[in-house]
Trainee: 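Handing you a structure now.
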Amino acid sequence: MKREKIRVLAMLAAFLLPLLALGVVLSRIHDRMAFVGRPPIPAGTRILILGDSHATDSLDPQRFGQACNFGSDGESYIHNYYKLRYAVRRLPSLRMIILPADLHSFSAFRSNRMLVTSEWARYVDYLEIGRLRGKWLHYARELLALRLFGFRGEYQRFLSCWLPGRCEPEVARIDRGFTPRPGFFIKKGRMERGRTRARRQLEGVDLFSPDMVLYFKSILDLAQRRGLTVILIRFPVTSEYLRVAERLMPIEDYYARIRAIAAAYPRVHLLERHGVLQAPAGRYFRDAQHLNLDGAAIFSDLIRADLEKLGLIEPEVQNQQ
Amino acid sequence: MSFLSLDFLLAAALALLVFYALPLAWRPGFLLAASLAFFALAGPVYLPLVILLTWADFLLAGRMPASRPSGRKRLLWLGLLLNVGVLGFFKYTLWLNSLLGAFLPDGGRGLAAFRGGLLLPLGLSYFIFKKISYLLDAYWGRLQPEKRFSRLLLFVVFFPEITAGPIDRAGRLLPQFEGNRDFVAADISAGLHQVLWGMFKKLVIADRLAALVDPVFQSPGQFQAQAILAAALFYSLQIYADFSGYSDMAIGLGRLFGYRLQMNFDRPYFALSIGDFWRRWHISLSQWLRDYLFLPLSFAFLRRFPQASLLGRKTEAQAYALASLVTMALCGLWHGASWTFLLWGLLHGVYLAAGFFSRRARRRVKKRLGIAGHSAWNRSWQQLSTFLLVSLAWILFRSESLSGALDMFARLLSPAGWFSGRARGLAEWSGAAGQAEFAVALAAVGALFLVETLQGRWRIGRALRSLQWPLRWAAYYLFILAVLFFGVFSKAEFVYQGF
C-alpha cells in the first residue's frame, strides 16, 4: 500500500512539474506581450511623469524636452513610489518628477484596489507592501499565482499577438509613454456620468488614507535624497465632476493638508490648474475627468509655461525639441 | 473560501497528503478537524451553533429507538422545530419582517437591524436539510442512530459538501465514515477527472456566459425580446454549468478522500418532461423533497380524502397536483426568501401538475398524429419543449426583482417588445461582449453538449483512463491549458453558494 501511495505521488509530481514549468514560460511570454506598447524609458531622461490616467492622458512628454510619461491607468502613490525607485536606479540624468495631486489621489479607493498584475510586478515590491500591511502571505500567494499562471484567461492577448500585424499599431500610438486618447465629453447624460465617477472614487472611503500619505511622503523623501524637483499637478476636471466632488469632500481643507505635507520639502511645487479648458463644455475632455487629445496638447503647453516661469525648464531645452 | 481559490486548492492538496499519511483510524478525526476549520473560516461565531445543533440531533435521534411512538414523535418535532427554527431565523426573518413589519410596534426596525447585522452561517440550507433527513430517517427506522457524535458531526460539516451540497443522506455517508477505507489509486484519478471537469464548466462556460447574461438581467428595459430570450436560454446553461461544475468539484474532492458522494446532476437538459427534469436536476435536493415532503404530503392527502373526487378528478390526481404545488413552492423558498423564488417554485409546480393532468390528452393527440412515443422526433420535441419551459422559469429565478421579471415576460409576450427600436437587439447584445468572447462561449457550450451526448452512450472517464499514458497525459495537458487560457478568473463565487 505504501509503495502504491509513493507511486501515485511520484506520478502526480511528474505530471505537475512540466505543467508548472510551462506555466512559468507562458506567464513570461504573456508579460512580454503586455509590454508591447510600452517601450523602456529613454536614456538621458530628465523629467519623469508619474501618475494615473490623468497624467498619462494629459501630459505629452515631447513638450517638456527630455521627458518620459511613465504613468499608467489606475496607479496610485504606491505604484508611483516603486516606479520612481525603479527609475532613479537606472536614470542618473533624472532631475524632475511630475505627479498628480487630484481629488482622488489620496483616496483609499485606490489603496484598497492594490492588485497584483504582471505590469506592476515589474516595479512594485509586493512582498514589501505585504509586510507593511501585515498581509505578507496574501501578496506572496498572489505573486506566485502571477508567476505560474499569469497568462490565465488571456487567450485574446495571445491570439492577437500571434496573429501577424495585430500588435504593432499600439507601439506606434504610444510615444515615450504618452497615450493620446481622442473623444469628446459632449454626449447626453454628462451630469450622470460625472456623478457616477465622482461617487466611485470619493464616496464612502477615507479620502486621506494613511496608506497613501505614507507613500506620498516616501516619494518626496526619495526625491529629496536624489535632489529631484517634484511638481504636483491638480489636473482639470469637468464642472459636472467638480460639482459632485464639492458635495462629497471639503476640497479646500484637502489641499491645505497636501500643502502642509509638501511644505516640509524644499523642492516641491503644487500647480493647481484644474480650472482650465472648461469652455466650450466638454470640448477638451473625453470623459468627466480626463482630457482628450486636444486638451492634452493645450494643457501640456500650459504646464510647460508654468515650469518656465518657475525657472525649472531652460528655454534651450525646449528649443532642442 | 471558494473551491476555486488558490488557498483552497493548496490547502486541499495538503489535507490530502496528511490524510493518506495518517493511520486509518485517525483519518475521520483529521477530516472532522479539517472540516470544522473550513467552516470556521467562513464565520467562526457559528461553529458552536452547528456543534450544538448536531449535538441536539444526536441526543434526540439516539433516544428514538427506546421511546414509545408518542415519545418518538415528540422527539422528532423538537428536532424539527430546532432545525427549521434556526433556518427560518437566519433565512426568512428579514423577508417576513419586510412583509409583516408594519404590524410590529416599531415597524419591524428593531428586528431588521438585529438580523441585518448577522451573516448567514456557511451552507446553512444544506446542512439543515442533511440534519432533518437524519432525524426523519431515524424516526421512520430507516437507519440506526449514530453512536458516535464525532461521526455525525463529520456528516454534517464534511467540507466538500458544506458550501453547497450535495445534500447527502446519513444512510449513504455515515457507513462510509465507519468503514476504514484505505488508499485506492483509482479514486485519485477519478476524483481529479471530476474536479477538472467541474472547473471547466465553471470557469470556461458559466463565468463566460455570465458576462453575456448579467447585463440583460440587470437592466432588462434596455433590451429587445429576442435578446431577453437569448439571455434566458444562456442563463439556463450558465446556471447548469455553474452548479453542476461546483457539484463535480465537491464530488471529485470527496472521491479524492475515498468517499462517494451523491450524484447531483444527470444531464438535465436532455430531460423529456418537467418531472424528468427534476429527476436529473439538483438530484440530492429533489430526492430530499420527494422523500420528506412530496410523498408524506400526498399520503396525508390520500388518507384524509380516500374516496373523494373533486372537480371531476380522482383523489390521486388532486393529491399529486396539491403536493407538487406545495413542494415546489417550498423548493423555491428554500433557494431564498423572495417573491421571485416563490413564483419560480410555484411555476414548476404548475408545470408538474399540468403535465400530469394533460398526459392522456397529449397521448391521444400523438396517437391521432401518428407520432410514436419513442421516435427520435418525439424525443427531440420533448427535450426542446422541456428546455424552453425550464428556461422561461429561470427568468424568475435570476431576476433581481419581481418587477424586473415581469418586465421581461411582458416584453416577450408583446409584439412591441420584439421590435422596439430604441432597445438593444440580438446583434448589439451579442456584440457587446466581443466576437471572440461570444465565439468562445458558444464553443464551450458546444463542447459541454458534445461530452454530455457522448456520456449518454459510454463512460468517457473510463475510456480516457484506458489510453496509453503519453496520450492520456497529452490530453490532460491540453485540457488544463484550455481551462487556463479560456477560463474567466475574476469571479470566484458559485451561484448556489448564496443559498
Side-chain angles (χ1 to χ4, degrees), chain A residues 1-27 29-30 33 113 115-118 130 135-163 166 188-189 192 196, chain B residues 4-11 13 16-17 19-24 181-189 191-192 196 199 203-204 207-208 211 256 258 433-441 443-444 469-470 472-491:
Chain A
M1 190 50 67
K2 197 175 174 185
R3 188 173 290 178
E4 177 75 352
K5 282 183 201 170
I6 292 171
R7 189 182 69 83
V8 170
L9 201 61
M11 272 181 65
L12 281 175
F15 179 81
L16 282 177
L17 282 175
L19 188 68
L20 295 178
L22 188 63
V24 171
V25 172
L26 287 169
S27 298
I29 293 174
H30 167 262
M33 286 174 180
R113 292 197 328 169
L115 303 175
V116 178
T117 69
S118 55
K135 288 181 175 178
W136 186 86
L137 204 62
H138 165 80
Y139 283 100
R141 188 196 55 209
E142 292 284 309
L143 211 53
L144 180 73
L146 187 75
R147 298 292 179 226
L148 292 176
F149 308 113
F151 63 97
R152 64 191 190 277
E154 291 284 338
Y155 76 95
Q156 294 225 42
R157 194 187 293 278
F158 276 80
L159 284 181
S160 67
C161 280
W162 283 345
L163 294 174
R166 296 282 296 270
K188 272 186 184 173
E192 187 51 42
T196 309
Chain B
L4 293 165
S5 68
L6 191 62
D7 290 352
F8 179 81
L9 295 176
L10 291 174
L16 200 62
L17 283 175
F19 180 80
Y20 283 116
L22 287 171
L24 279 173
R181 299 170 63 80
D182 204 356
F183 181 80
V184 179
D187 278 343
I188 302 291
S189 158
L192 286 175
L196 265 180
M199 280 184 165
L203 296 169
V204 182
D207 289 349
R208 203 158 280 292
L256 286 171
Q435 283 180 337
E437 291 286 294
F438 196 70
V440 169
W469 77 264
R472 199 169 68 236
W473 280 30
Y476 292 154
Y477 282 133
L478 275 177
F479 187 74
I480 292 170
L481 285 177
V483 172
L484 285 170
F485 268 114
F486 296 107
V488 175
F489 293 85
S490 50
K491 292 175 99 176

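Chain A is the first sequence line, chain B the second, and so forth, proteins listed ahead of strands; every chain is numbered from 1. Just so it is clear, the model here is predicted, and its values are computed rather than measured.
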Trainee: If the plane angle is over 60° it's perpendicular, under 30° parallel, otherwise tilted; pick one for B:Tyr477 and B:Trp473.
Mentor: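 It falls in the perpendicular class, over 60°.
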Trainee: Less than 4.5 Å to any heavy atom of chain B: does that hold for the side chain of A:Leu137, its backbone, both, or neither?
Mentor: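 Interface part for A:Leu137: neither.
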Trainee: Answer whether the closest heavy-atom distance between the side chains of B:Tyr20 and A:Val8 falls below 4.5 Å.
Mentor: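 Of all side-chain heavy-atom pairs linking A:Val8 with B:Tyr20, none is under 4.5 Å.
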Trainee: Are A:Leu144 and A:Tyr139 side-chain neighbours, meaning at least one heavy-atom pair lies under 4.5 Å?
Mentor: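 They are not in contact (no side-chain heavy atoms under 4.5 Å apart), so the answer is no.
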Trainee: So do the side chains of B:Leu256 and B:Phe19 get within less than 4.5 Å of each other, counting heavy atoms only?
Mentor: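 Sidechains of B:Phe19 and B:Leu256: no contact.
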Trainee: Relative to chain A, which segment of B:Leu203 carries a heavy atom at a distance below 4.5 Å: side chain, backbone, both, or neither?
Mentor: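 Neither; nothing under 4.5 Å.
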Trainee: So what's closer than 4.5 Å to chain A heavy atoms on B:Val483: side chain, backbone, both or neither?
Mentor: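 Contact with chain A: none, neither part.
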Trainee: By a 4.5 Å heavy-atom criterion (distance strictly below it), what part of A:Glu4 contacts chain B: side chain, backbone, both, or neither?
Mentor: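 Backbone plus side chain of A:Glu4, per the 4.5 Å heavy-atom cut-off to chain B.
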Trainee: Mind ranking B:Ile188, B:Val488, B:Leu481 by heavy-atom pairs under 4.5 Å with chain A and telling me who comes out on top?
Mentor: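 Option with the greatest count: B:Leu481.
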Trainee: Any sub-3.5 Å donor-acceptor pair from A:Arg157's side-chain atoms to A:Glu154's backbone N or O?
Mentor: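 No: the side chain of A:Arg157 does not pair with the backbone of A:Glu154.
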Trainee: For A:Phe15, is it the side chain, the backbone, both or neither that has a heavy atom under 4.5 Å from a heavy atom of chain B?
Mentor: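 Its backbone and side chain both get close to chain B.
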